[in-house]
Amino acid sequence: MAYETPEPKKKSTGDVSRALLRWYDKNARSLPWRIGPAARKAGKRPDPYAVWLSEIMLQQTTVATVAPRYSEFLKRWPTVDDMAAAPLDDILGQWAGLGYYARARNLHKCAVEVAACGGFPDTEEALRELPGIGQYTAAAVAAIAFDKRAVVIDGNVERVVSRLCAIDTPMPAAKPVIKTQAEKIWPQKRSGDFAQGLMDLGAEICRPKSPSCLICPISSACEALAQGKQEYFPVKAPKKEKPHRKGVIFALINTKGEMLFERRPEKGLLGGMLGLPGSDWAPVPPSKIFESAPLKARWNHIGNITHTFTHFHLMLDVYIAKAPKGFRRVADQKWIAPSQAKLPTVMKKAVSLAMENSRGEK
DNA sequence: TACACGTGGGC
DNA sequence: TGCCCAAGTGT
């Protein structure tokens, strides 16, 4: 018998947005910064400050990581005016461990600007001018907080749309293609719910690995599924190899058991954060190891720690010593009890190793 | 356009 | 263990 399977009925673009919104109405994740679809329909609007804060924290960071940290931020600084009035170092300390510290520096800068203007602007264009707000965040805040129609494209949306339309141009060249296709399915109303629905779909159904196409509300319109190539999209360029870098780092301990920390330069890696003094991080270990030490002392090598950043692997040799009588810290240095220091993770690792080996050094 | 910029969890 | 990935932005 030569009968072919009839082509399944494809949905129109309007059908896709209706199906997605219907799915979102029933399956929206309950998140601390979110007004659910039912309350939203009843007219409840989220606080733009809360939406903005959550969006900044969620940049390249998982929902599971952000949720508790978001609540702490909101409790400490309930309004944008509170945040604007806080010292930058308090923001950075509260941000410690979250990574991408430029977000925290821009968070403060943005809060100051917004507080000075009496509130957040409500258009994508004006939001886009604020520090730390790029194309994605401007669209997200405009849509979610202000109910504006804005095409919100994050990693989830890219994945869903590239599969839906089987876009085989490799990333990031596919971005304009994805934008064009997203524009076609984007509804005029409920833009914020549609964006969040697409993101929930990407997180829970249209996952990077083993997507749950069987329960996907828009599977009948999915070209990737029709081709049996769900996981093939989005097509990505091959990754570059991470280089290895090395350095040394010094833990100086005083008689109170405090450790000497420095505030790192405002720009660049871990900018503005607290860290232990040490060498630069280069492809080779420093030739004159003790030139970067905070003083001449009997430094005791206790081992090394490793850490992988986005773009390189790092190995640091860790040295400890006890501060001699009469040692005076310089301006940007501070004595802090190690348990109380708000540190980036790589520094936490070095401090932990130093603490484990500090018997006899304090 | 390409790269700098963190971290923790999953497999 | 090591690689992939997560609601991106700035330069």
Side-chain angles (χ1 to χ4, degrees), chain A residues 28-29 31-34 46 50-70 92 95-107 109-110 127-145 150-160 170-176 182 192 194-204 206-211 231 234 236-245 264-273 275 281 306-314 343-349:
Chain A
R29 285 178 290 178
L31 301 171
W33 47 84
R34 176 179 283 180
V51 174
W52 162 74
L53 176 60
S54 69
E55 290 301 341
I56 301 297
M57 297 186 93
L58 285 161
Q59 290 169 6
Q60 300 291 287
T61 308
T62 58
V63 165
T65 298
V66 168
R69 304 296 300 269
Y70 164 84
L92 286 171
W95 195 272
L98 276 172
Y100 284 147
Y101 298 97
R103 289 186 294 170
R105 302 194 296 272
N106 285 329
L107 195 72
K109 206 185 294 182
C110 184
L127 286 160
R128 184 68 185 74
E129 297 302 311
L130 291 166
I133 298 189
Q135 185 193 283
Y136 160 76
T137 304
V141 173
I144 297 169
V151 178
V152 183
I153 303 192
D154 75 328
N156 290 300
V157 178
E158 279 177 358
R159 186 169 56 258
V160 171
M171 298 294 290
K175 282 174 182 283
F194 189 72
Q196 294 178 92
L198 232 31
M199 292 190 273
D200 282 14
L201 189 79
E204 304 207 307
C206 197
R207 297 179 299 260
K209 310 279 182 188
S210 55
E231 280 195 36
K236 303 211 171 162
K239 318 262 178 214
K240 289 194 174 166
E241 201 174 329
K242 288 181 169 78
H244 290 260
R245 297 189 196 170
R264 297 173 59 83
E266 189 72 30
K267 297 203 166 189
L269 195 65
L270 312 179
M273 299 299 290
W281 302 338
T306 62
H307 189 76
T308 300
F309 292 99
T310 315
H311 51 300
F312 66 93
H313 302 285
L314 178 65
L343 299 172
T345 299
V346 61
M347 294 298 168
K348 243 187 231 169
K349 290 183 184 176

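Labels below follow one simple rule: chain letters A, B, ... track the order of the sequence lines, proteins then strands, and each chain is numbered from 1.
- The separation between A:Leu98 atom CG and B:dG9 atom P is 12 Å, rounded to whole Å.
- Counting all heavy atoms, side chain and backbone alike, A:Pro211 lies closest to A:Cys206 at CB-CA, 4.1 Å.
- Looking at which nucleotide of DNA chain B each of A:Gly97 and A:Arg245 is closest to, the 5′-most match is held by A:Arg245.
- Distance check: A:Thr310 OG1 to A:Gln60 CD gives 8.5 Å after rounding to the nearest 0.5 Å.
- Using a 4.0 Å heavy-atom distance criterion, A:Pro172 is classed as making no nucleic acid contact.
- Checking the phosphate oxygens (OP1, OP2) of B:dC5, a side-chain nitrogen or oxygen of A:His311 falls inside 4.0 Å.
- The phosphate of B:dT7 has OP1 or OP2 within less than 4.0 Å of a side-chain N or O from A:Thr345.
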Q: Sugar-phosphate means primed atoms, P, OP1 and OP2; the rest is base. With that split, encode nucleotides 4-11 of chain C 5' to 3' as B, S or - using protein heavy atoms under 4.0 Å.
A: SSBBBSS-

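- With both ends at atom P, the span from B:dG6 to C:dT11 equals 14 Å, rounded to whole Å.
- Annotation for A:Asn156 and A:Ala203: closest pair OD1-N, 3.5 Å, computed over non-hydrogen atoms.
- Put simply, CH2 on A:Trp95 is 13 Å from C1' on B:dC5, counting in whole angstrom units.
- Taking the P atom of each, C:dA7 and B:dC11 are spaced 15 Å apart, rounded to whole Å.
- The side chain of A:His307 contributes an N or O atom lying less than 4.0 Å from OP1 or OP2 of B:dT7.
- For the 3.5 Å distance criterion, the side chains of A:Arg103 and A:Gln59 fail to qualify, holding no donor opposite an acceptor.
- Nearest heavy-atom pair, A:Ala150 versus A:Ala139, reported as atom, atom and distance to 0.1 Å: CB-O, 3.6 Å.
- By the 6.0 Å contact criterion, CD on A:Glu266 is enclosed, its count of non-hydrogen atoms from other residues, nucleotides or ligands being greater than 12.
- Taking atom C1' in both B:dC5 and C:dA6, the straight-line distance is 15 Å, to the nearest Å.
- For A:Tyr101 and B:dA4, the OH to P distance is 19 Å, given to the nearest whole Å.
- Between A:Phe309 and A:His307, the two ring planes are perpendicular [angle over 60°; tilted spans 30° to 60°].
- Put simply, CG on A:Leu314 is 15 Å from P on B:dA4, counting in whole angstrom units.
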